[in-house]
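Quick one: this structure, given as C-alpha coordinates, is what I'll be asking you about.
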Amino acid sequence: MATYNPSSLRAEEFINHEEILETLAYAEANKNNVALIDQILEKARPKPNGGGVTCQGLTHREASVLLACEIPEKIEEMYKIAEEIKLAFYGNRIVIFAPLYLSNYCINGCLYCPYHLKNKTIPRKKLTQEEIRQEVIALQDMGHKRLAIEAGEDPKNNPIEYILECIKTIYSVNHKNGAIRRVNVNIAATTVENYRKLRDAGIGTYILFQETYHKESYEYLHPTGPKRDYAYHTEAMDRAMEGGIDDVGLGVLFGLEGYKYEFAGLLMHAEHLEAVHGVGPHTISVPRVKKADDIDPNEFDNSIDDDTFAKITACIRLAVPYTGMIISTRESEEVRSRLLRLGISQVSGGSRTSVGGYTEEERPHDTEQFDVSDQRSLDEVVKWLMDSGHIPSFCTACYREGRTGDRFMSLCKNGQILNCCHPNALMTLTEYLVDYASDETKKVGFETIEQELQRIPKEKVRGIAEKNIEDIKNSNRRDFRF
Ligand code: SAM
(Lines give C-alpha, C1' and ligand atoms only; values in the text may rest on other atoms or scores of the structure.)
Protein backbone atom coordinates (compact mmCIF):
# COMPACT_ATOMS: atom_id res chain seq x y z
CA MET A 1 0.00 0.00 0.00
CA ALA A 2 1.31 3.49 -0.86
CA THR A 3 2.23 5.72 2.06
CA TYR A 4 1.53 9.43 2.37
CA ASN A 5 4.36 11.64 1.17
CA PRO A 6 3.58 15.21 0.05
CA SER A 7 7.04 15.52 -1.54
CA SER A 8 6.62 12.45 -3.72
CA LEU A 9 5.94 12.93 -7.43
CA ARG A 10 3.60 9.95 -7.47
CA ALA A 11 -0.11 10.76 -7.29
CA GLU A 12 -0.96 7.86 -5.00
CA GLU A 13 1.59 9.12 -2.47
CA PHE A 14 0.81 12.85 -2.43
CA ILE A 15 -2.96 12.30 -2.78
CA ASN A 16 -2.92 9.34 -0.46
CA HIS A 17 -6.28 7.61 -0.04
CA GLU A 18 -5.51 6.26 3.45
CA GLU A 19 -4.38 9.69 4.62
CA ILE A 20 -7.63 11.22 3.35
CA LEU A 21 -9.71 8.57 5.13
CA GLU A 22 -7.76 9.15 8.35
CA THR A 23 -8.21 12.91 7.94
CA LEU A 24 -11.98 12.52 7.53
CA ALA A 25 -12.16 10.26 10.61
CA TYR A 26 -10.08 12.76 12.62
CA ALA A 27 -12.30 15.63 11.45
CA GLU A 28 -15.47 13.74 12.32
CA ALA A 29 -14.13 12.83 15.78
CA ASN A 30 -13.23 16.46 16.47
CA LYS A 31 -16.08 18.33 14.83
CA ASN A 32 -17.46 19.39 18.23
CA ASN A 33 -14.09 19.79 19.91
CA VAL A 34 -14.41 23.49 20.70
CA ALA A 35 -10.94 23.82 22.20
CA LEU A 36 -9.33 22.37 19.07
CA ILE A 37 -11.56 24.38 16.74
CA ASP A 38 -10.66 27.60 18.58
CA GLN A 39 -6.98 26.72 18.33
CA ILE A 40 -7.28 26.15 14.57
CA LEU A 41 -9.25 29.37 14.08
CA GLU A 42 -6.60 31.24 16.02
CA LYS A 43 -3.90 29.78 13.79
CA ALA A 44 -5.81 30.84 10.66
CA ARG A 45 -6.38 34.42 11.83
CA PRO A 46 -4.24 37.13 10.14
CA LYS A 47 -1.56 38.43 12.56
CA PRO A 48 0.21 41.79 12.60
CA ASN A 49 3.71 41.53 11.18
CA GLY A 50 5.89 44.63 10.96
CA GLY A 51 3.69 47.16 9.22
CA GLY A 52 1.46 44.54 7.60
CA VAL A 53 -0.19 41.25 8.39
CA THR A 54 0.73 37.65 7.88
CA CYS A 55 -1.15 34.35 7.73
CA GLN A 56 0.03 30.84 8.45
CA GLY A 57 -2.64 28.91 6.58
CA LEU A 58 -3.84 25.50 7.74
CA THR A 59 -2.94 21.90 7.03
CA HIS A 60 -5.48 19.68 5.28
CA ARG A 61 -6.23 18.02 8.63
CA GLU A 62 -6.85 21.28 10.46
CA ALA A 63 -8.99 22.69 7.67
CA SER A 64 -10.96 19.42 7.49
CA VAL A 65 -11.89 19.79 11.17
CA LEU A 66 -13.30 23.24 10.41
CA LEU A 67 -15.20 21.90 7.43
CA ALA A 68 -16.74 19.15 9.57
CA CYS A 69 -17.68 21.54 12.38
CA GLU A 70 -21.41 22.17 12.65
CA ILE A 71 -21.43 24.70 15.51
CA PRO A 72 -23.15 27.82 14.09
CA GLU A 73 -21.07 30.38 16.04
CA LYS A 74 -17.84 28.74 14.93
CA ILE A 75 -18.98 28.70 11.31
CA GLU A 76 -19.77 32.41 11.60
CA GLU A 77 -16.28 32.96 12.96
CA MET A 78 -14.78 31.08 10.00
CA TYR A 79 -16.69 33.38 7.65
CA LYS A 80 -15.43 36.43 9.50
CA ILE A 81 -11.82 35.28 9.35
CA ALA A 82 -12.18 34.33 5.67
CA GLU A 83 -13.31 37.87 4.90
CA GLU A 84 -10.47 39.34 6.98
CA ILE A 85 -7.91 37.24 5.09
CA LYS A 86 -9.39 38.16 1.75
CA LEU A 87 -9.26 41.87 2.58
CA ALA A 88 -5.77 41.63 4.07
CA PHE A 89 -4.16 40.06 1.00
CA TYR A 90 -6.43 40.68 -1.94
CA GLY A 91 -8.20 43.81 -0.77
CA ASN A 92 -11.56 44.58 -2.32
CA ARG A 93 -10.36 43.95 -5.87
CA ILE A 94 -12.06 41.30 -7.97
CA VAL A 95 -10.26 40.25 -11.12
CA ILE A 96 -12.48 39.72 -14.16
CA PHE A 97 -12.10 37.22 -16.97
CA ALA A 98 -14.12 35.37 -19.60
CA PRO A 99 -13.86 31.84 -20.95
CA LEU A 100 -13.31 31.36 -24.68
CA TYR A 101 -14.33 27.96 -26.06
CA LEU A 102 -12.13 27.01 -29.00
CA SER A 103 -13.38 23.53 -29.80
CA ASN A 104 -15.77 20.98 -28.35
CA TYR A 105 -14.26 18.00 -30.18
CA CYS A 106 -13.30 15.51 -27.50
CA ILE A 107 -12.32 11.86 -27.37
CA ASN A 108 -12.86 11.39 -23.64
CA GLY A 109 -15.84 9.72 -22.03
CA CYS A 110 -16.37 12.00 -18.98
CA LEU A 111 -19.83 11.15 -17.62
CA TYR A 112 -20.52 14.72 -16.39
CA CYS A 113 -19.49 16.60 -19.54
CA PRO A 114 -21.65 17.00 -22.67
CA TYR A 115 -18.54 17.08 -24.86
CA HIS A 116 -17.94 13.37 -24.23
CA LEU A 117 -17.26 11.31 -27.33
CA LYS A 118 -20.49 9.32 -27.27
CA ASN A 119 -22.73 12.39 -27.26
CA LYS A 120 -24.12 12.36 -30.79
CA THR A 121 -26.70 15.12 -30.22
CA ILE A 122 -24.29 17.98 -29.64
CA PRO A 123 -22.95 19.66 -32.78
CA ARG A 124 -19.16 19.59 -32.95
CA LYS A 125 -17.41 22.82 -33.72
CA LYS A 126 -13.85 24.06 -33.87
CA LEU A 127 -13.12 27.72 -34.44
CA THR A 128 -10.99 28.80 -37.39
CA GLN A 129 -8.39 31.50 -36.78
CA GLU A 130 -10.70 34.01 -38.45
CA GLU A 131 -13.57 32.96 -36.17
CA ILE A 132 -11.25 33.34 -33.17
CA ARG A 133 -10.40 36.85 -34.33
CA GLN A 134 -14.13 37.65 -34.47
CA GLU A 135 -14.71 36.17 -31.00
CA VAL A 136 -11.80 38.15 -29.59
CA ILE A 137 -13.10 41.35 -31.15
CA ALA A 138 -16.49 40.68 -29.54
CA LEU A 139 -14.80 40.05 -26.18
CA GLN A 140 -12.64 43.17 -26.52
CA ASP A 141 -15.74 45.19 -27.37
CA MET A 142 -17.25 44.03 -24.09
CA GLY A 143 -14.09 45.22 -22.30
CA HIS A 144 -12.32 41.96 -21.51
CA LYS A 145 -8.55 41.86 -21.14
CA ARG A 146 -8.10 38.36 -19.67
CA LEU A 147 -9.35 35.09 -21.12
CA ALA A 148 -9.36 31.45 -20.14
CA ILE A 149 -9.29 29.31 -23.27
CA GLU A 150 -11.13 26.00 -23.14
CA ALA A 151 -11.03 22.99 -25.42
CA GLY A 152 -11.91 19.33 -25.39
CA GLU A 153 -9.14 16.76 -25.69
CA ASP A 154 -8.69 15.57 -29.24
CA PRO A 155 -5.17 15.12 -30.63
CA LYS A 156 -6.46 15.12 -34.22
CA ASN A 157 -8.80 18.11 -34.09
CA ASN A 158 -7.23 20.13 -31.27
CA PRO A 159 -3.51 19.27 -31.29
CA ILE A 160 -1.13 21.47 -29.30
CA GLU A 161 -0.19 23.25 -32.55
CA TYR A 162 -3.82 24.37 -32.92
CA ILE A 163 -3.93 25.64 -29.33
CA LEU A 164 -0.64 27.53 -29.83
CA GLU A 165 -1.89 29.09 -33.06
CA CYS A 166 -5.08 30.19 -31.28
CA ILE A 167 -3.07 31.82 -28.48
CA LYS A 168 -0.98 33.69 -31.04
CA THR A 169 -4.10 34.88 -32.82
CA ILE A 170 -5.73 36.01 -29.57
CA TYR A 171 -2.70 38.07 -28.53
CA SER A 172 -2.44 39.59 -32.02
CA VAL A 173 -5.91 41.18 -32.09
CA ASN A 174 -6.08 44.87 -31.18
CA HIS A 175 -9.52 46.18 -31.95
CA LYS A 176 -9.92 49.90 -31.14
CA ASN A 177 -8.32 50.23 -27.66
CA GLY A 178 -8.83 46.53 -27.00
CA ALA A 179 -6.21 43.93 -26.17
CA ILE A 180 -6.19 40.53 -24.55
CA ARG A 181 -3.24 40.77 -22.20
CA ARG A 182 -3.40 37.42 -20.46
CA VAL A 183 -4.51 34.08 -21.85
CA ASN A 184 -5.03 31.40 -19.22
CA VAL A 185 -5.31 27.90 -20.57
CA ASN A 186 -7.68 25.12 -19.52
CA ILE A 187 -6.82 22.12 -21.68
CA ALA A 188 -6.33 18.47 -20.89
CA ALA A 189 -3.26 17.14 -19.10
CA THR A 190 -0.31 16.97 -21.46
CA THR A 191 3.46 16.42 -21.69
CA VAL A 192 6.30 18.50 -20.24
CA GLU A 193 7.29 19.36 -23.80
CA ASN A 194 3.81 20.71 -24.59
CA TYR A 195 3.71 22.67 -21.32
CA ARG A 196 7.02 24.22 -22.33
CA LYS A 197 5.45 25.26 -25.64
CA LEU A 198 2.53 26.82 -23.79
CA ARG A 199 4.95 28.67 -21.51
CA ASP A 200 6.84 29.96 -24.56
CA ALA A 201 3.55 31.13 -26.08
CA GLY A 202 3.17 33.46 -23.08
CA ILE A 203 0.24 31.92 -21.28
CA GLY A 204 -0.82 33.09 -17.85
CA THR A 205 -2.14 30.33 -15.58
CA TYR A 206 -2.42 26.72 -16.65
CA ILE A 207 -5.72 25.49 -15.21
CA LEU A 208 -6.72 21.87 -14.89
CA PHE A 209 -9.57 20.68 -12.73
CA GLN A 210 -8.97 17.41 -11.00
CA GLU A 211 -12.71 16.69 -11.24
CA THR A 212 -12.38 14.24 -8.33
CA TYR A 213 -9.44 13.20 -6.17
CA HIS A 214 -11.09 9.87 -5.40
CA LYS A 215 -9.29 7.41 -7.69
CA GLU A 216 -12.04 4.82 -7.86
CA SER A 217 -14.72 7.43 -8.62
CA TYR A 218 -12.36 9.10 -11.09
CA GLU A 219 -12.03 5.88 -13.04
CA TYR A 220 -15.80 5.33 -12.96
CA LEU A 221 -16.45 8.88 -14.17
CA HIS A 222 -13.86 8.61 -16.94
CA PRO A 223 -14.62 5.23 -18.47
CA THR A 224 -12.79 5.86 -21.76
CA GLY A 225 -10.19 8.13 -23.35
CA PRO A 226 -6.77 9.44 -22.32
CA LYS A 227 -8.25 11.33 -19.36
CA ARG A 228 -9.01 7.98 -17.72
CA ASP A 229 -5.41 7.77 -16.45
CA TYR A 230 -5.75 9.10 -12.88
CA ALA A 231 -2.01 9.36 -12.19
CA TYR A 232 -1.27 11.16 -15.48
CA HIS A 233 -4.04 13.66 -14.78
CA THR A 234 -3.16 14.17 -11.10
CA GLU A 235 0.56 14.63 -11.82
CA ALA A 236 -0.10 17.15 -14.62
CA MET A 237 0.71 20.21 -12.51
CA ASP A 238 4.15 18.81 -11.73
CA ARG A 239 4.82 18.39 -15.44
CA ALA A 240 3.47 21.91 -16.10
CA MET A 241 5.86 23.34 -13.50
CA GLU A 242 8.71 21.26 -14.87
CA GLY A 243 7.88 22.79 -18.26
CA GLY A 244 8.37 26.26 -16.76
CA ILE A 245 4.77 27.27 -16.07
CA ASP A 246 4.89 29.08 -12.71
CA ASP A 247 1.18 29.65 -12.17
CA VAL A 248 -1.12 26.67 -12.03
CA GLY A 249 -4.81 26.59 -11.12
CA LEU A 250 -6.44 23.70 -9.27
CA GLY A 251 -10.12 22.83 -8.89
CA VAL A 252 -12.52 19.99 -8.30
CA LEU A 253 -15.94 19.59 -9.80
CA PHE A 254 -18.13 19.57 -6.71
CA GLY A 255 -21.02 17.13 -6.84
CA LEU A 256 -19.16 14.14 -8.25
CA GLU A 257 -17.76 12.77 -4.95
CA GLY A 258 -18.17 13.47 -1.25
CA TYR A 259 -17.12 17.09 -0.69
CA LYS A 260 -15.08 16.35 2.44
CA TYR A 261 -12.93 13.89 0.51
CA GLU A 262 -12.44 16.39 -2.33
CA PHE A 263 -11.60 19.20 0.06
CA ALA A 264 -8.87 17.18 1.80
CA GLY A 265 -7.49 16.04 -1.58
CA LEU A 266 -7.46 19.58 -2.95
CA LEU A 267 -5.49 20.90 0.04
CA MET A 268 -3.09 17.96 -0.12
CA HIS A 269 -2.48 18.83 -3.76
CA ALA A 270 -1.70 22.41 -2.74
CA GLU A 271 0.65 21.18 0.01
CA HIS A 272 2.35 18.91 -2.50
CA LEU A 273 3.02 21.78 -4.95
CA GLU A 274 4.41 23.88 -2.12
CA ALA A 275 6.60 20.99 -0.90
CA VAL A 276 8.01 20.11 -4.32
CA HIS A 277 8.05 23.41 -6.21
CA GLY A 278 8.23 25.90 -3.34
CA VAL A 279 5.01 27.59 -4.43
CA GLY A 280 1.39 26.57 -4.05
CA PRO A 281 -1.37 26.90 -6.66
CA HIS A 282 -1.91 30.37 -8.10
CA THR A 283 -5.66 29.81 -8.09
CA ILE A 284 -8.29 27.37 -6.91
CA SER A 285 -11.64 27.13 -8.72
CA VAL A 286 -14.79 25.83 -7.12
CA PRO A 287 -17.12 24.68 -9.93
CA ARG A 288 -20.30 22.67 -9.24
CA VAL A 289 -21.78 20.24 -11.76
CA LYS A 290 -24.43 21.90 -13.91
CA LYS A 291 -27.13 20.83 -16.30
CA ALA A 292 -25.86 20.42 -19.87
CA ASP A 293 -26.86 18.95 -23.23
CA ASP A 294 -27.17 15.29 -22.20
CA ILE A 295 -26.14 15.76 -18.57
CA ASP A 296 -28.52 15.77 -15.63
CA PRO A 297 -26.70 16.93 -12.47
CA ASN A 298 -29.22 14.98 -10.37
CA GLU A 299 -27.58 11.81 -11.57
CA PHE A 300 -24.62 12.66 -9.36
CA ASP A 301 -25.67 12.12 -5.80
CA ASN A 302 -23.01 14.23 -4.11
CA SER A 303 -24.44 17.63 -4.92
CA ILE A 304 -23.89 20.25 -2.25
CA ASP A 305 -26.25 22.94 -1.03
CA ASP A 306 -25.38 26.64 -0.98
CA ASP A 307 -24.51 26.69 2.73
CA THR A 308 -22.03 23.83 2.36
CA PHE A 309 -20.61 25.53 -0.71
CA ALA A 310 -20.07 28.72 1.29
CA LYS A 311 -18.38 26.76 4.06
CA ILE A 312 -16.03 25.03 1.60
CA THR A 313 -15.08 28.39 0.09
CA ALA A 314 -14.38 29.94 3.49
CA CYS A 315 -12.34 26.94 4.65
CA ILE A 316 -10.21 27.02 1.49
CA ARG A 317 -9.62 30.74 2.12
CA LEU A 318 -8.41 29.96 5.66
CA ALA A 319 -6.19 27.07 4.56
CA VAL A 320 -4.42 28.75 1.60
CA PRO A 321 -4.61 32.49 2.29
CA TYR A 322 -2.41 33.57 -0.61
CA THR A 323 -4.10 31.59 -3.37
CA GLY A 324 -6.55 33.35 -5.68
CA MET A 325 -10.04 31.85 -5.72
CA ILE A 326 -12.30 31.73 -8.77
CA ILE A 327 -16.05 31.49 -9.14
CA SER A 328 -17.57 31.26 -12.60
CA THR A 329 -20.98 32.08 -14.06
CA ARG A 330 -22.03 28.49 -13.29
CA GLU A 331 -23.26 30.18 -10.11
CA SER A 332 -26.10 32.68 -9.74
CA GLU A 333 -25.71 36.33 -8.79
CA GLU A 334 -26.98 35.47 -5.30
CA VAL A 335 -24.44 32.72 -4.68
CA ARG A 336 -21.63 34.78 -6.18
CA SER A 337 -22.50 37.74 -3.96
CA ARG A 338 -22.24 35.56 -0.88
CA LEU A 339 -18.96 33.91 -1.88
CA LEU A 340 -17.28 37.22 -2.74
CA ARG A 341 -17.28 37.95 0.99
CA LEU A 342 -15.72 34.60 1.82
CA GLY A 343 -12.57 34.68 -0.21
CA ILE A 344 -13.28 34.76 -3.94
CA SER A 345 -10.82 37.00 -5.82
CA GLN A 346 -11.73 36.32 -9.48
CA VAL A 347 -15.04 36.08 -11.32
CA SER A 348 -16.02 35.58 -14.93
CA GLY A 349 -18.52 37.97 -16.47
CA GLY A 350 -20.68 38.06 -19.59
CA SER A 351 -19.59 34.46 -20.27
CA ARG A 352 -20.73 32.24 -23.08
CA THR A 353 -19.81 28.58 -22.80
CA SER A 354 -20.49 27.62 -26.40
CA VAL A 355 -17.99 27.45 -29.25
CA GLY A 356 -18.33 30.73 -31.14
CA GLY A 357 -20.91 32.09 -28.68
CA TYR A 358 -19.66 35.66 -28.41
CA THR A 359 -20.33 36.58 -32.03
CA GLU A 360 -23.98 35.51 -31.83
CA GLU A 361 -26.65 38.06 -30.99
CA GLU A 362 -28.57 35.69 -28.71
CA ARG A 363 -26.84 33.33 -26.27
CA PRO A 364 -26.53 30.09 -28.29
CA HIS A 365 -27.14 26.75 -26.57
CA ASP A 366 -26.25 24.25 -29.26
CA THR A 367 -22.57 23.72 -28.44
CA GLU A 368 -22.76 24.96 -24.84
CA GLN A 369 -20.71 23.11 -22.22
CA PHE A 370 -23.09 23.86 -19.34
CA ASP A 371 -25.94 26.15 -18.35
CA VAL A 372 -24.81 29.62 -17.31
CA SER A 373 -26.68 30.79 -14.19
CA ASP A 374 -25.39 34.34 -14.08
CA GLN A 375 -26.43 35.67 -17.48
CA ARG A 376 -25.78 39.34 -16.84
CA SER A 377 -23.68 41.41 -19.23
CA LEU A 378 -20.13 42.37 -18.29
CA ASP A 379 -21.31 45.95 -17.74
CA GLU A 380 -23.91 44.72 -15.24
CA VAL A 381 -21.34 42.56 -13.46
CA VAL A 382 -18.90 45.48 -13.22
CA LYS A 383 -21.58 47.74 -11.75
CA TRP A 384 -22.80 45.06 -9.35
CA LEU A 385 -19.25 44.59 -8.04
CA MET A 386 -18.84 48.31 -7.39
CA ASP A 387 -22.29 48.59 -5.82
CA SER A 388 -21.26 45.90 -3.35
CA GLY A 389 -17.99 47.60 -2.39
CA HIS A 390 -15.60 45.78 -4.75
CA ILE A 391 -13.18 47.07 -7.35
CA PRO A 392 -13.52 45.24 -10.66
CA SER A 393 -9.98 44.78 -11.94
CA PHE A 394 -8.89 44.12 -15.50
CA CYS A 395 -5.27 44.06 -14.41
CA THR A 396 -2.82 41.61 -15.96
CA ALA A 397 0.35 43.36 -14.82
CA CYS A 398 1.87 40.71 -12.59
CA TYR A 399 2.51 38.18 -15.23
CA ARG A 400 3.68 40.79 -17.73
CA GLU A 401 6.10 42.13 -15.08
CA GLY A 402 7.38 38.63 -14.41
CA ARG A 403 5.67 38.47 -11.03
CA THR A 404 4.62 34.84 -11.36
CA GLY A 405 4.95 31.87 -9.03
CA ASP A 406 6.73 32.70 -5.79
CA ARG A 407 7.36 36.30 -6.92
CA PHE A 408 3.60 36.93 -6.98
CA MET A 409 3.21 35.14 -3.66
CA SER A 410 5.84 37.33 -2.01
CA LEU A 411 4.09 40.49 -3.25
CA CYS A 412 0.90 39.13 -1.72
CA LYS A 413 2.59 37.99 1.51
CA ASN A 414 4.35 41.35 1.94
CA GLY A 415 1.01 43.15 1.83
CA GLN A 416 2.08 45.22 -1.20
CA ILE A 417 -1.25 44.76 -2.89
CA LEU A 418 -2.44 48.24 -1.96
CA ASN A 419 0.65 49.85 -3.49
CA CYS A 420 0.69 47.74 -6.61
CA CYS A 421 -2.46 45.81 -7.47
CA HIS A 422 -4.82 48.47 -6.17
CA PRO A 423 -3.52 51.27 -8.45
CA ASN A 424 -3.33 48.79 -11.34
CA ALA A 425 -6.95 47.83 -10.72
CA LEU A 426 -8.03 51.48 -10.68
CA MET A 427 -6.15 52.28 -13.89
CA THR A 428 -7.56 49.28 -15.76
CA LEU A 429 -11.02 50.04 -14.42
CA THR A 430 -10.64 53.57 -15.80
CA GLU A 431 -9.77 52.10 -19.21
CA TYR A 432 -12.90 49.97 -19.00
CA LEU A 433 -15.12 52.90 -17.98
CA VAL A 434 -13.81 55.22 -20.67
CA ASP A 435 -13.95 52.65 -23.48
CA TYR A 436 -16.87 50.35 -22.77
CA ALA A 437 -19.10 51.23 -19.81
CA SER A 438 -22.71 52.40 -19.88
CA ASP A 439 -23.37 55.90 -18.52
CA GLU A 440 -24.73 54.51 -15.29
CA THR A 441 -21.69 52.29 -14.69
CA LYS A 442 -19.38 55.17 -15.62
CA LYS A 443 -20.94 57.39 -12.99
CA VAL A 444 -20.59 54.84 -10.20
CA GLY A 445 -17.13 53.89 -11.48
CA PHE A 446 -15.55 57.35 -11.49
CA GLU A 447 -16.90 58.06 -8.00
CA THR A 448 -15.50 54.74 -6.78
CA ILE A 449 -12.10 55.46 -8.31
CA GLU A 450 -11.91 58.87 -6.60
CA GLN A 451 -12.51 57.27 -3.20
CA GLU A 452 -10.28 54.28 -3.78
CA LEU A 453 -7.30 56.38 -4.89
CA GLN A 454 -7.16 57.76 -1.35
CA ARG A 455 -6.50 54.25 0.00
CA ILE A 456 -3.14 53.92 -1.78
CA PRO A 457 -0.67 54.23 1.11
CA LYS A 458 2.45 55.45 -0.73
CA GLU A 459 2.03 59.08 -1.72
CA LYS A 460 4.33 58.74 -4.73
CA VAL A 461 2.40 55.73 -6.06
CA ARG A 462 -0.89 57.54 -5.52
CA GLY A 463 0.41 60.57 -7.44
CA ILE A 464 1.48 58.44 -10.41
CA ALA A 465 -1.83 56.56 -10.41
CA GLU A 466 -3.78 59.84 -10.37
CA LYS A 467 -1.75 61.18 -13.26
CA ASN A 468 -2.17 57.95 -15.26
CA ILE A 469 -5.90 57.94 -14.67
CA GLU A 470 -6.14 61.51 -15.96
CA ASP A 471 -4.11 60.47 -19.02
CA ILE A 472 -6.44 57.54 -19.70
CA LYS A 473 -9.46 59.83 -19.43
CA ASN A 474 -7.79 62.21 -21.89
CA SER A 475 -7.10 59.41 -24.36
CA ASN A 476 -3.39 59.57 -23.71
CA ARG A 477 -2.73 55.82 -23.63
CA ARG A 478 0.42 54.00 -22.60
CA ASP A 479 0.96 50.58 -21.12
CA PHE A 480 0.06 51.68 -17.59
CA ARG A 481 1.12 49.35 -14.81
CA PHE A 482 3.01 49.10 -11.53
N1 SAM B 1 -10.94 19.13 -21.73
C2 SAM B 1 -10.14 19.74 -20.70
C3 SAM B 1 -10.10 18.83 -19.50
O4 SAM B 1 -10.61 17.73 -19.63
O5 SAM B 1 -9.54 19.17 -18.49
C6 SAM B 1 -10.64 21.13 -20.52
C7 SAM B 1 -11.66 21.36 -19.54
S8 SAM B 1 -13.34 21.57 -19.78
C9 SAM B 1 -13.55 22.48 -21.21
C10 SAM B 1 -13.51 22.61 -18.42
C11 SAM B 1 -14.10 22.03 -17.18
O12 SAM B 1 -15.50 22.12 -17.25
C13 SAM B 1 -13.85 20.58 -16.85
O14 SAM B 1 -12.60 20.38 -16.27
C15 SAM B 1 -14.99 20.26 -15.92
O16 SAM B 1 -14.63 20.36 -14.56
C17 SAM B 1 -16.02 21.33 -16.22
N18 SAM B 1 -17.30 20.73 -16.62
C19 SAM B 1 -17.52 19.75 -17.49
N20 SAM B 1 -18.82 19.42 -17.52
C21 SAM B 1 -19.46 20.23 -16.66
C22 SAM B 1 -20.80 20.38 -16.22
N23 SAM B 1 -21.79 19.61 -16.69
N24 SAM B 1 -21.08 21.32 -15.29
C25 SAM B 1 -20.12 22.11 -14.80
N26 SAM B 1 -18.83 22.03 -15.16
C27 SAM B 1 -18.49 21.09 -16.08
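Residues take their numbers from the sequence shown, with the count starting at 1. Both ligands and their constituent atoms are indexed starting at 1 by order of listing.
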Completion exercise
If you scan protein heavy atoms around atom 18 (N) of ligand 1, the nearest is Q369 NE2, 3.7 Å
Practice task
May I ask you to check whether Y322 and F89 place their ring centres under 6.0 Å from each other?
Solution key: yes
Problem - Residue E216 excluded, over 12 heavy atoms near CD under 6.0 Å - result: no
Practice task
Determine yes or no for a side-chain-to-main-chain donor-acceptor pair under 3.5 angstrom, with Y90 supplying the side chain and G324 the backbone.
Solution key: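 Answer holds: yes.
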Exercise for the section: Quick one: look up the protein heavy atom nearest atom 11 (C) of ligand 1 and list residue, atom name and how far away it is. Expected result: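 For atom 11 (C) of ligand 1, the nearest protein heavy atom is F209 CD1, 3.9 Å.
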Exercise for the section: To the nearest 0.5 Å, tell me how far H233 NE2 sits from K227 NZ. Expected result: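 Spacing of NE2 (H233) from NZ (K227) equals 5.0 Å.
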Problem - Side chain, backbone, both or neither: K291 near ligand 1, heavy atoms under 4.0 Å - result: neither
Handout entry: Identity and separation of the nearest protein heavy atom to atom 16 (O) of ligand 1
Key =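 So the nearest neighbour among protein heavy atoms is E211 OE1, 2.6 Å.
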Exercise for the section: Check L253 against ligand 1 and report side chain, backbone, both or neither, counting heavy atoms closer than 4.0 Å. Expected result: side chain
Exercise for the section: Heavy-atom contacts with R288 under 4.0 Å: which atoms of ligand 1 show up? List them by number with element. Expected result: 25 (C)
Problem - C113, portion touching ligand 1 at heavy-atom distance under 4.0 Å - result: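 Both of them.
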Fill in the blank from the handout: the protein heavy atom lying closest to atom 25 (C) of ligand 1 turns out to be R330 NE, 3.2 Å
Problem - Any residue meeting ring pair (Phe, Tyr, Trp, His ring centres under 6.0 Å) with H222, in chain and number order, not counting sequence neighbours - result: Y112, Y218
Handout entry: Sub-4.0 Å heavy-atom approach of A151 to ligand 1
Key = yes
Practice task
Using a 4.0 Å heavy-atom cut-off, say whether K290 meets ligand 1 through its side chain, its backbone, both or neither.
Solution key: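 Both of them.
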Problem - Any donor-acceptor N/O pair, Y206 side chain to A236 backbone, under 3.5 Å - result: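 Not a single qualifying donor-acceptor pair exists.
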Practice task
Check each heavy atom of L208 against ligand 1 and say whether those closer than 4.0 Å belong to the side chain, the backbone, both or neither.
Solution key: side chain
Practice task
For a salt bridge (charged side-chain N to carboxylate O under 4.0 Å, His left out) with D246, tell me which candidate from R407, R199, R403 qualifies.
Solution key: R407
Problem - Heavy-atom nearest neighbour in the protein, as seen from atom 7 (C) of ligand 1, with distance rounded to 0.1 Å - result: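 The closest heavy atom on the protein side is N186 OD1, 3.6 Å.
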Problem - From H272 atom NE2 to E274 atom CD, the distance as rounded to the nearest 0.5 Å - result: 11.5 Å
Handout entry: Criterion side-chain hydrogen bond (donor to acceptor under 3.5 Å, both in side chains) against R338, the qualifying member of D306, D307, T313
Key = D307
Exercise for the section: For atom 4 (O) of ligand 1, find the nearest protein heavy atom and state the residue, atom name and distance (0.1 Å precision). Expected result: K227 NZ, 2.8 Å
Completion exercise
The answer for which part of Y112 has a heavy atom under 4.0 Å from ligand 1 is both
Problem - Sequence-distant partners of E362, side-chain contact (heavy atoms from CB on, under 4.5 Å), two or more places apart - result: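 Scan of E362 (side-chain contact (heavy atoms from CB on, under 4.5 Å), adjacent residues dropped) gives none.
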Practice task
Examine the proximity of ligand 1 to P297 and report which part, side chain or backbone, both or neither, has a heavy atom under 4.0 Å away.
Solution key: neither
